[in-house]
> 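The structure follows.
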2 protein chains.
Amino acid sequence: MAKRKREDDVTPLPVATMEDVARKAGVAISSVSRVLSGHPDVSARMAKKVEEATRALGYEPDILAQSMRSGETRTIGFIITDISNPLFAQVAQSCEQELRKMGYSMILMSSNGDEITESENFAVLRRRRVDGIIASLISEKSSAVKSSLQNLRSPLVLLDRQISGYEYGSVTANHISGTRDAVNHLINQGHREIAFVTGTPDVLTTRERLKGYKKAFAENGLSINENHIRLGNFTEEFAERQTYLLFSSPTVPTAILTGGVGATAGAIRALRSLNLAIGHDVAFVAIDEWPMFDVILPALSSVYRDAEMIGRESARLLLEIMRGAKPRKTVIETHFIIRESSTNKLRSKKKLN
Amino acid sequence: MAKRKREDDVTPLPVATMEDVARKAGVAISSVSRVLSGHPDVSARMAKKVEEATRALGYEPDILAQSMRSGETRTIGFIITDISNPLFAQVAQSCEQELRKMGYSMILMSSNGDEITESENFAVLRRRRVDGIIASLISEKSSAVKSSLQNLRSPLVLLDRQISGYEYGSVTANHISGTRDAVNHLINQGHREIAFVTGTPDVLTTRERLKGYKKAFAENGLSINENHIRLGNFTEEFAERQTYLLFSSPTVPTAILTGGVGATAGAIRALRSLNLAIGHDVAFVAIDEWPMFDVILPALSSVYRDAEMIGRESARLLLEIMRGAKPRKTVIETHFIIRESSTNKLRSKKKLN
DNA sequence: GATATTTCTAGAAACGATTCCAGAAATTCC
DNA sequence: GGAATTTCTGGAATCGTTTCTAGAAATATC
């Protein structure tokens, strides 16, 4: 009947099934399967017949049917808050590369900062029976996420997030040390009024960066001007607005630290509109790199983390857990890189408004 | 027997199947299916029973089994040359968003500039029975690609590529006009020696950009110095090397045009190492934007194309073809944006070496 | 109330693979 | 050569859906 089907099929390339191979080779379907899956109970004659038929028909096993039977889809879901963030894109890229090596494919879902979309993404992945999920959540506090994770049935690796009540592996950057080094550097350069603009404290990333920031002040016996800390969300708009406010107030900071590529872009934009030159009127350190930070003028000092390593490690960790290992936490180091934006001598304070 | 299975199952959340729902509701499996898929031949009483059982068990249909039956996987493959290119990341993002709206998921595969990986990607997608593919090929000339496409059985949309002997939809940017405008602008600023550094002519993108470049010279009755045209590949390394060579030769160009984000980054790097200031020692126009081109100093003039639109259109076009429409070609406009890097007056020619 | 018509439901086949089980064929041994 | 053992092969069940078919139940018609 597979044959009959084929006759009124109009697609250019009829797909050969295992049954076709079996018929062509004159053997049973089960024998074909055994040959192809390398089962030991196969005679040389049988192997030869089947392999010839397979080649002749250009047969390729249907992953869907295999998944149906085995319960494994060899598919991993990757949920990211925003793929247009180049750092995350790099993470996704190296993760995909690593997964491919192990015979897995990656379904990419970008939540674009929307929690409802994020929940839907988890639901879709669950229905697709993915073997595992790697995710970077928008917020750890959202109740939608909690229930998404509760209903999950596949192993999970979280990127830079901390959630209670659910077992997961995690890959986290050591944001504390990099940020502390950066702020220490600024303090050493004589800065005392250091603005810090970044996203929500509802994610580990922000809380750790904040710890690093405070640690540096504490180590130097300095007190913090809480008004200089602006936590909100990771959009350019938020950072632009806050930077604008900070630098058009009476007590203008002498340096600014931005957390995340969106915040960095927003802050640069605001400083530009205020006509404040980075490195000359205000020292600047960015947390998280853009690919061209080292060549733009002035070159931006930054806290760097290896996106490729993060992607690779998250893939490896997930597969480990899928094979039954106990979920563990991997920490990736961050490195403060000194460039021009924080080392030039500032020119005498500009008169604002 | 599904019941027996459940007993020695140790996963935390046993997955309810349609059979479980049917048993719980006391009806036949087919009736459950009919209720859930909105078939008209369903009594109110039946609907109620099934819906209650569904809710009680938290039942969700298995997409795998549905695919098996229907032949549709509701999955689209997206093959990209390099996802860490922010422009491509944006394309992928908006494409995924559009596909999700239509109930499709996206499998992302980055070829990372490697043709063998690219072929493997096509093979994997074929075996996964994706319903369609959107791809940006590394080269139109490679024989591996030709045979990959030949063996394809799903509809295809190509991004910025032109291939013969295979039917596909395409989304292409109008590179000619944007590039022509850019070069015209440079010529109007008095430039005659305009270097052009970009990738291989084995892709439509490069050939069209070259056409635009030549068109502008022709329109102004100027002849081209072929030595200023450097086509190779899209890596930063290539562009850096070529830019370095161009600007350390006796006949230094006064302006440079770069095609693609990699080329732009490489050229900036080279100019920096030669201590040539963009906008002051050399005019600069980039084709394809980085997200921060407008705020770095000097702001870079560029040829812009709407990545979101490209992603969205490619998704729509593919679905159209999947529904039986004849493949067509969509063209997205490009726009030349004048910024500082090409408008500042150049300072007197620097003495090199 | 018997027949014709309509509405609803259950059973079974199918999608394409894997794997268990039983039995056939080949080999060994006496 | 016949029995016991080993090696190999084919049939059938299974995964979780959808959909076809046939028949039961309900309603309408006379």
Side-chain angles (χ1 to χ4, degrees), chain A residues 1-6 9 11 14-50 53-54 57 59-74 126-129 131 153, chain B residues 1-6 9 11 14-50 53-54 57 59-74 126-129 131 153:
Chain A
M1 56 199 50
K3 196 159 188 186
R4 177 166 50 69
K5 166 108 179 286
R6 211 116 291 148
D9 196 338
T11 54
V15 179
T17 88
M18 204 171 241
E19 189 189 345
D20 298 328
V21 176
R23 194 158 356 94
K24 174 124 190 161
V27 301
I29 297 183
S30 51
S31 298
V32 176
S33 175
R34 245 173 289 124
V35 172
L36 264 40
S37 62
H39 194 96
D41 292 354
V42 172
S43 68
R45 220 170 54 89
M46 170 67 84
K48 186 152 171 280
K49 278 194 292 184
V50 169
T54 301
L57 295 174
Y59 168 77
E60 288 180 325
D62 184 329
I63 297 190
L64 236 61
Q66 288 178 324
S67 297
M68 181 84 189
R69 193 43 234 231
S70 67
E72 286 184 0
T73 55
R74 299 194 81 76
R126 195 174 62 234
R127 300 212 310 141
R128 283 195 178 267
R129 311 286 194 248
D131 295 338
R153 53 177 156 239
Chain B
M1 53 197 56
K3 195 158 186 186
R4 178 165 53 68
K5 166 112 177 282
R6 211 115 293 145
D9 196 337
T11 55
V15 179
T17 87
M18 204 171 241
E19 190 188 344
D20 298 327
V21 176
R23 196 159 354 94
K24 173 127 192 160
V27 301
I29 297 183
S30 51
S31 298
V32 177
S33 175
R34 247 175 291 119
V35 172
L36 265 41
S37 62
H39 193 97
D41 292 354
V42 172
S43 66
R45 220 171 55 88
M46 169 68 84
K48 185 151 171 278
K49 279 195 291 185
V50 169
T54 301
L57 296 173
Y59 168 76
E60 287 181 325
D62 184 329
I63 297 190
L64 234 62
Q66 288 178 324
S67 296
M68 182 84 187
R69 187 50 230 227
S70 67
E72 285 184 0
T73 55
R74 299 195 81 77
R126 196 171 63 234
R127 298 212 311 141
R128 282 194 178 268
R129 310 288 194 248
D131 295 338
R153 55 178 155 235

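Quick note on labels: first sequence line is chain A, next is B, and so on, each numbered from 1. Being a predicted model, the structure only gives us computed values, none of them experimental.
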> Measure all distances between protein nitrogen or oxygen atoms and nitrogen or oxygen atoms of nucleotides 19-28 of chain D, and list the pairs falling under 3.5 Å.
residue, atom, partner, partner atom, Å
D/dT19, O4', B/Arg69, NH2, 3.3

> Once you round to the nearest 0.5 Å, how far does CG of B/Leu64 lie from OG1 of A/Thr73?
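Between B/Leu64 CG and A/Thr73 OG1, I get 7.0 Å after rounding to 0.5 Å.
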> Taking side-chain hydrogen bond (donor to acceptor under 3.5 Å, both in side chains) as the definition, give me every residue that meets it alongside B/Ser67, ordered by chain and number, with sequence neighbours left out.
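Applying side-chain hydrogen bond (donor to acceptor under 3.5 Å, both in side chains) to B/Ser67 gives none.
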> If the condition is salt bridge (Lys or Arg N to Asp or Glu O under 4.0 Å), which residues does B/Arg129 pass it with, not counting sequence neighbours?
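Here the qualifying residues are A/Asp62.
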> Please pick, from D/dC15, D/dG10, D/dT17, the nucleotide with the shortest atom-to-atom distance to any side-chain atom of B/Ala65.
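Out of D/dC15, D/dG10, D/dT17, the nucleotide with an atom closest to B/Ala65's side chain is D/dT17.
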> What nucleotide, of D/dG10, D/dG16, C/dA17, holds the atom closest to the side chain of A/Ala28?
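Closest nucleotide to the A/Ala28 side chain: D/dG10.
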> If you look at every strand shown and take non-hydrogen atoms under 4.0 Å, does B/Asp62 touch a base, only sugar-phosphate, or nothing?
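Sugar-phosphate contact only - B/Asp62 comes under 4.0 Å of backbone atoms but never of a base.
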> Considering every strand and a 4.0 Å limit on heavy-atom distances, what is the contact class for B/Glu60: base, sugar-phosphate, or nothing?
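If one applies the 4.0 Å heavy-atom cut-off, B/Glu60 turns out to touch the sugar-phosphate alone, with no base involved.
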> Which residue pairs pass the salt bridge (charged side-chain N to carboxylate O under 4.0 Å, His left out) test when at least one of the two sits in residues 31-49 of chain B, sequence neighbours left out?
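Every pair satisfying salt bridge (charged side-chain N to carboxylate O under 4.0 Å, His left out) with a residue in residues 31-49 of chain B: B/Lys48-B/Glu52.
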> Name all residues meeting the side-chain hydrogen bond (donor to acceptor under 3.5 Å, both in side chains) criterion together with B/Ser33; count only those two or more places apart in sequence or in a different chain, and write none if there are none.
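side-chain hydrogen bond (donor to acceptor under 3.5 Å, both in side chains) check on B/Ser33 returns nothing, list empty.
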> Under the salt bridge (Lys or Arg N to Asp or Glu O under 4.0 Å) test, which residues partner A/Arg126, sequence neighbours left out?
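By the salt bridge (Lys or Arg N to Asp or Glu O under 4.0 Å) rule, A/Arg126 matches B/Glu60.
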> Counting just side-chain N and O atoms, does A/Gln66 come under 4.0 Å of either OP1 or OP2 of C/dG16?
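No, outside the criterion.
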> Check whether any side-chain heavy atom of A/Val35 lies under 4.5 Å from a side-chain heavy atom of A/Val32, and answer yes or no.
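A/Val35 does not reach A/Val32 side chain to side chain.
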> Tell me the salt bridge (charged side-chain N to carboxylate O under 4.0 Å, His left out) pairs involving residues 63-73 of chain A, sequence neighbours left out?
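Residue pairs passing salt bridge (charged side-chain N to carboxylate O under 4.0 Å, His left out), neighbours aside: A/Glu72-A/Arg74.
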> Rounding to an integer number of Å, can you tell me how far A/Glu72 CD sits from D/dT14 P?
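A/Glu72 atom CD is separated from D/dT14 atom P by 21 Å.
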> Which listed nucleotide (D/dT17, C/dA17, D/dT9) is nearest to the side chain of A/Ser43?
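Between D/dT17, C/dA17, D/dT9, the one nearest the side chain of A/Ser43 would be D/dT9.
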> If you find the nucleotide of DNA chain C closest to B/Arg129 and the one closest to B/Met46, which residue's nucleotide is nearer the 5' end?
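Its nearest nucleotide lies further toward 5', so the answer is B/Met46.
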> Which angle, to the nearest 10 degrees, lies between the helix axes at the two ends of the helix from C/dG1-D/dC30 to C/dC30-D/dG1, each defined by five pairs?
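That helix has its two terminal axes inclined by roughly 50°.
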